[in-house]
Amino acid sequence: MFAIATISRTADRRPRHVAARLATAALGLLCAAAALGSEVQTALRERLAALGAGEPLVVEGVPVVATDLLPGVYAARDHRPAWAEGRRIDALRSAVRTAELHGLEPTDYRIAAIERAADGVRTGASAAPDEQARLDIALTDSLAQLLTHLRHGKTDPLRFYADWKISAAEGVDDLGADLAAAVESGDIQAAIHRAIPTYPPYQRLVKALADYRALQAGAGWPSVTPGDTIRPGESSPRIREVRARLRASGELTNGNLKSDFYDAGLAEAVKGFQATHGLTADGALGKKTIAAMNVSIGERVDQVRVNLERMRWALHALRGTYVIVDIAGYDVTFVRDDKIVWKARAQVGQPLRMTPVLRSQFTDIVLNPNWTVPPTVLDKDIIPAARKDPQIVHKKGLRILDAGRNELNPYAVDWSQYSGKNFPYRLRQDPGAGNSLGRIKFNFPNRHAVYMHDTPKKAYFDRTERAFSSGCVRVEKPLELAEMLLDDPQRWTTAHVETAIGHGKTRTLILRKPVPVLILYWTVDVDEHGRVRFKPDIYDKDRLVLDELRKPSKSYGTIRAARSGRVPAAEATTETTSDKSKEAHGA
């Protein structure tokens with residue numbers, strides 16, 4: 001019994017001894033982990049302090065840029081690492097991979113560093129505290145950049161448009177608070193979901209990008225050999241190429257692909273293609289139509305990416321009641337309470353006299369306006385013509401007025417001595433049906449002195465391509481627009497406006513409430529039925545945005561600064577910064 005009892009007590013003591021050793025080892029591990037955690041926290045404090053002092057931090061070739069946000073995010077969590085758990089890293093990796101769905105590049109958000117962090121957690125590999133701190137900060141910065149790029153775009157619109165004005169009060173959320181909340185909760189997907197624009201046109205364009213990328217991943221579409229114009233009823237070996245091209249992109253769903261005859265079914269498919277590519281839908285296979293067919297699938301994907309970026313710039317201003325001018329689409333849309341209530345065709349500036357992209361608000365309407373010829377039109381059109389024949393002044397219905405408003409004879413002016421910059425007189429066109437502004441003008445303040453107006457050249461609205469003006473926007477159905485802007489059905493219906501114009505007197509009507517107007521440049525949109533419309537890049541602007549999109553990301557906050565007015569307009573790099581941009585563009 002004694003022996004058995006001794007053995008039993010020995011057996012009892014052995015597990016307690018082992019348990020004690022395990023507990024000690026576990027405590028040691030916990031202490032070691034705590035010590036390591038403390039070391040990482042210390043490294044984080046030091047790295048963040050260095051960032052604040054201006055010391056750069058570059059990880060995977062991408063500089064850390066959210067230097068004003070990161071210290072607060074980490075201070076709120078006592079500088080504990082944000083990305084020590086595998087599930088958090090996996091969530092960030094998933095979010096970064098979805099950037100491609102929006103036309104953005106995962107490399108801008110350090111996808112390689114995220115993969116490295118995931119591998120480290122999975123294998124249990126440890127790194128020096130400073131390296132852990134660098135990587136942790138970089139991943140938080142990646143999330144900051146991704147959130148703001150999805151909300152407002154990766155590139156800075158001030159790089160292209162000096163008059164870009166969307167203030168921080170209009171939908172710019174507190175990125176720091178969102179970032180801190182996402183890091184603290186680990187719910188990265190919820191933060192990404194809140195950042196993605198919900199505006200239906202944007203969502204439709206995201207789907208279009210996916211569709212075109214799927215087509216790009218497959219066979220794409222073949223090219224068509226250029227040549228003489230082919231019309232319905234004619235035959236040509238090139239017709240087979242056209243059939244194959246339209247079948248690949250979905251415009252042609254039936255017919256004999258081996259037929260050389262240009263039949264009615266193919267003509268309808270060609271007209272559909274022309275209509276959705278900003279071309280005259282006449283069915284003729286001419287130079288412009290073949291050129292549009294030969295734009296590669298990769299180029300169309302890039303065009304969609306560029307316009308997703310443009311939408312991210314502007315979406316926060318598209319709320320409530322406003323008027324939007326789509327330069328490349330040649331149209332004007334009135335939106336009231338977030339619903340389209342009116343639409344009309346427009347004529348915009350020629351490529352050499354571009355309508356500027358800007359944001360302003362309608363303030364007043366002028367009935368029976370006169371027109372003072374602006375320096376640009378004077379320099380490019382009137383003076384060169386008057387040198388050959390001074391009578392052109394009267395032929396265009398203009399009067400020459402000196403400083404005392406005395407009228408001069410055009411033959412008494414030595415036109416060879418003047419240009420648009422030094423012309424000492426005013427050329428004015430009196431109100432009337434032939435006035436270049438038509439019978440009504442819509443004013444909105446801007447430094448380019450452009451405006452919206454009626455026009456006597458109404459036949460031009462029937463053309464597919466309508467870049468005719470000297471920079472101003474000529475609008476179809478101007479009396480209807482006036483009624484909507486005045487918003488006073490008791491006093492100012494379309495009939496009332498027309499009657500007032502009929503009196504022949506120049507009259508200014510002040511709007512009871514200014515209405516925002518956004519003049520934008522979009523070369524792709526998708527209608528409610530999912531039809532993608534590609535518009536000619538009449539000002540060759542897509543390339544500039546695409547070049548910026550392709551560059552490595554260097555900022556998360558330029559647009560946020562621009563919206564608050566902190567970035568000087570002089571940094572813009574387009575024609576809007578030239579001296580000529582300060583001149584009135586006229587009619």
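These figures come from a predicted structure and were not determined experimentally.
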So, Asp326 versus Thr333: side-chain donor-acceptor pair below 3.5 Å or not? no
Quick test of your reading of the model: are Arg151 and Asp178 salt-bridged, counting only N-O distances below 4.0 Å? yes
Any side-chain heavy-atom pair from Arg531 and Val526 closer than 4.5 angstrom? no
Do Thr107 and Glu105 pair up side chain to side chain, a donor and an acceptor below 3.5 Å, judged on atom types alone? no
Would you tell me whether Thr499 and His496 have side-chain atoms, one donor and one acceptor, within less than 3.5 Å of each other? no
Relative to the ring of His102, is the ring of Tyr202 parallel (under 30°), tilted (30 to 60°) or perpendicular (over 60°)? parallel
For Lys207, is there an ion pair with Asp211 - N to carboxylate O distance below 4.0 angstrom? yes
Will you find, in the side chains of Asp364 and Asn443, an N or O donor that is under 3.5 Å from an N or O acceptor? yes
Would you please say whether a donor-acceptor pair under 3.5 Å links the side chains of Asp141 and Gln145? yes
Answer yes or no: is there an ion pair linking Asp462 with Lys458, defined by an N-O contact shorter than 4.0 Å? no
When you measure from the centre of the six-membered ring of Phe534, is the NZ or CZ of Arg300 closer than 6.0 Å and no more than 45° off the axis? yes
Closer than 4.0 angstrom, basic N to acidic O: yes or no for Glu465 and Lys288? yes
With distance as the sole criterion, is a donor-acceptor pair present between the side chains of Thr276 and Arg533 under 3.5 Å? no
Looking at Arg310 and Tyr521, would you say the former's side chain and the latter's main chain have a donor-acceptor pair under 3.5 Å? yes
Any luck finding a side-chain donor-acceptor pair between Thr280 and Gln274 under 3.5 Å? no
Keeping Gln429 on the side-chain end and Arg399 on the backbone end, is there a donor-acceptor pair under 3.5 Å? no
Any carboxylate oxygen within less than 4.0 angstrom of a Lys/Arg side-chain nitrogen, looking at Asp525 and Arg204? no
Decide if atom CG of Leu352 counts as having more than 12 heavy atoms of other residues, nucleotides or ligands within a radius under 6.0 Å. no
Any luck finding a side-chain donor-acceptor pair between Ser142 and Arg110 under 3.5 Å? yes
Looking only at side chains, do Thr494 and Glu480 share a donor and an acceptor under 3.5 Å apart? no
Looking only at side chains, do Asn368 and Arg507 share a donor and an acceptor under 3.5 Å apart? no
Between Arg159 and Asp156, is there a salt bridge with N-O shorter than 4.0 Å? no
When rounded to the nearest 0.5 angstrom, what is the spacing between CZ in Arg426 and CZ in Arg428? 6.0 Å
Could you tell me whether Arg550 and Asp302 make a salt bridge, using a distance below 4.0 angstrom between a side-chain N and a carboxylate O? yes
Is it true that the side chains of Arg474 and Gln347 contain a donor and an acceptor less than 3.5 Å apart? yes
Checking Thr455, Leu437, Val348, Val450 against Cys472 for side chain to side chain contact (heavy atoms under 4.5 Å, CB included), the one that qualifies is Val450
Charged N to carboxylate O under 4.0 angstrom, Asp487 versus Lys513? no
Ring-plane angle category for His277 and Phe273, please: parallel below 30°, perpendicular beyond 60°, tilted otherwise. parallel
Check Thr508, Thr506, Leu509 against Leu367 for a side chain to side chain contact (heavy atoms under 4.5 Å, CB included) and give me the one that passes. Leu509
Can you check whether Arg312 reaches Leu104 side chain to side chain, under 4.5 Å on heavy atoms? yes
